[in-house]
Amino acid sequence: MKKNFYFVCLFTLISLSASAQRWSYGAGLGGSLYHGTFANWHVLPNDKEFAMTRPALNLQVRYQNNPTFAYRIQTVFTDLRGGTGNRVSPVTVALPVTNFATSIFGIDALVEYNFLNYQNSVRRVNNWTPYFYLGASTVFAKVSGTQDAVAFKTNTKMNYALPFGIGFKYQLSPSWGIQWDLGARKTFTDALDRPLMEGEAAFNLSKGDQYLNSSLTVTYTIQSVFCPTY
């Protein structure tokens, strides 16, 4: 019976080696940059706006059972800074003099599409790929600042965002890897940089602030292969 059990385990290991489930756990550091009413740049931010880049921390869990798609859940801790004084380009609409600081806690559910055959074997050499990601995010934001010299502060509000971007990942060893992301989170609220005015909707499809986020993450991967039990 034991011989049969070990034979079945060995056969299972061989047959699942190309499609075994892989769980990755990671932590990363990066930066976030606000884009909205008070930083409405198109291609690149100006020097003052770029100087408002803030540190960001992410913690993630990624699941992958085939070389093409991966599924990631992560939390992001960051903050955003900005104001009317950072806008150098001509402003066609009069804006109130505003400076703000916003703390952000986000929970992302992402799907990654790997452009190359990635992680189908732990013995594979040069195991790397660029990828595209898309998903949904819940954003908790708390805003404080001044508007026309009047201080304001809002309680933590929950809203939703659409995260998307590109990345690159490389498996250094069967267990350790690195991952770089660059993307944006398009929120459905116009209140990441100011309090909502009376009558404004908290959830807005036509308007919405956003922020760019980039991070370098170190991941630890576990390959799970389950032998049958008797």
Side-chain angles (χ1 to χ4, degrees), residues 30-58 72-111 132-167 181-215:
S32 295
L33 182 62
Y34 159 78
H35 184 278
T37 305
F38 305 109
N40 195 22
W41 43 271
H42 297 289
V43 180
L44 292 172
N46 62 53
D47 293 342
K48 289 184 178 180
E49 291 166 336
F50 187 75
M52 291 290 103
T53 301
R54 304 297 299 166
L57 168 69
N58 78 79
R72 189 198 330 168
I73 294 178
Q74 69 178 16
T75 58
V76 179
F77 304 85
T78 189
D79 68 299
L80 307 175
R81 301 286 175 90
T84 49
N86 296 328
R87 294 190 66 171
V88 176
S89 57
V91 180
T92 57
V93 179
L95 296 173
V97 179
T98 303
N99 292 285
F100 70 91
T102 305
S103 59
I104 297 284
F105 170 66
I107 303 174
D108 302 333
L110 307 174
V111 178
F132 169 80
Y133 68 88
L134 179 69
S137 179
T138 301
V139 177
F140 298 87
K142 184 176 182 179
V143 190
S144 61
T146 60
Q147 190 168 86
D148 287 337
V150 178
F152 67 85
K153 189 174 184 178
T154 65
N155 296 324
T156 302
K157 301 291 185 181
M158 184 184 77
N159 206 273
Y160 303 98
L162 178 67
F164 58 91
I166 58 174
D181 278 349
L182 175 63
R185 281 160 177 77
K186 169 65 176 176
T187 71
F188 299 102
T189 178
D190 200 26
L192 289 187
D193 48 18
R194 62 181 180 85
L196 286 174
M197 304 298 290
E198 186 175 353
E200 284 188 295
F203 184 86
N204 196 321
L205 289 174
S206 60
K207 293 183 179 180
D209 299 318
Q210 60 182 302
Y211 58 98
L212 307 186
N213 184 262
S214 180
S215 65

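Nothing here was measured: the structure is a model prediction, and the numbers come from that model.
- The structure places OG1 of Thr53 at 14.0 Å from OH of Tyr211, a figure rounded to the nearest 0.5 Å.
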Let's go through Leu80 and Ile104 carefully: what are the C-alpha distance in whole Å and the side-chain angles of both, what is the deciding distance for side-chain contact (heavy atoms from CB on, under 4.5 Å) to 0.1 Å, and is it a yes or a no? CA-CA 8 Å; Leu80 307 175; Ile104 297 284; 4.2 Å; yes
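- Within 6.0 Å of CZ in Phe50 there are 12 or fewer heavy atoms belonging to other residues, nucleotides or ligands.
- Rounded to the nearest 0.5 angstrom, His42 NE2 and His35 NE2 are separated by 7.5 Å.
- In this structure, CG on Leu134 lies 5.0 Å from CZ on Phe132, to the nearest 0.5 angstrom.
- In this view, Ala184 and Phe164, Gln210, Leu212 satisfy the side chain to side chain contact (heavy atoms under 4.5 Å, CB included) rule, not counting sequence neighbours.
- Here CZ of Phe38 is found 8.5 Å from CG of Asp209. Values are rounded to the nearest 0.5 Å.
- With values rounded to the nearest 0.5 angstrom, Arg185 atom CZ is found 9.5 Å from Thr78 atom OG1.
- Not a single side chain to side chain contact (heavy atoms under 4.5 Å, CB included) links Lys157 to another residue, sequence neighbours left out.
- For the residue pair Ser32/Asn213, the side-chain donor-acceptor check at 3.5 Å is satisfied.
- Shown here is Leu182, whose CG atom has more than 12 heavy atoms of other residues, nucleotides or ligands within 6.0 Å.
- A 6.0 Å sphere centred on OH of Tyr160 holds no more than 12 heavy atoms belonging to other residues, nucleotides or ligands.
- Taken from OH in Tyr133 to CD in Gln74, the straight-line distance is 7.5 Å, to the nearest 0.5 Å.
- Judged by distance alone, the side chains of Tyr34 and Asp193 do bring a donor and an acceptor atom under 3.5 Å apart.
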Show, in sequence, the C-alpha distance, side-chain angles and deciding distance for Arg72 and Asn58, and conclude whether the side-chain contact (heavy atoms from CB on, under 4.5 Å) test is met. CA-CA 12 Å; Arg72 189 198 330 168; Asn58 78 79; 5.9 Å; no
Could you tabulate the donor-acceptor pairs under 3.5 Å formed by side-chain atoms of residues 135-149, not counting sequence neighbours?
from, atom 1, to, atom 2, distance (Å)
Ser137, OG, Ile107, O, 3.3
Ser137, OG, Asp108, OD1, 2.5
Gln147, NE2, Thr98, OG1, 3.4
Asp148, OD1, Val97, N, 3.0

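- Residues Gly208 and Lys186 approach most closely at O-NZ, 3.0 Å, considering heavy atoms.
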Does Thr37 form a side-chain contact (heavy atoms from CB on, under 4.5 Å) with Thr84? I'd like the steps, not just the answer. CA-CA 9 Å; Thr37 305; Thr84 49; over 6 Å; no
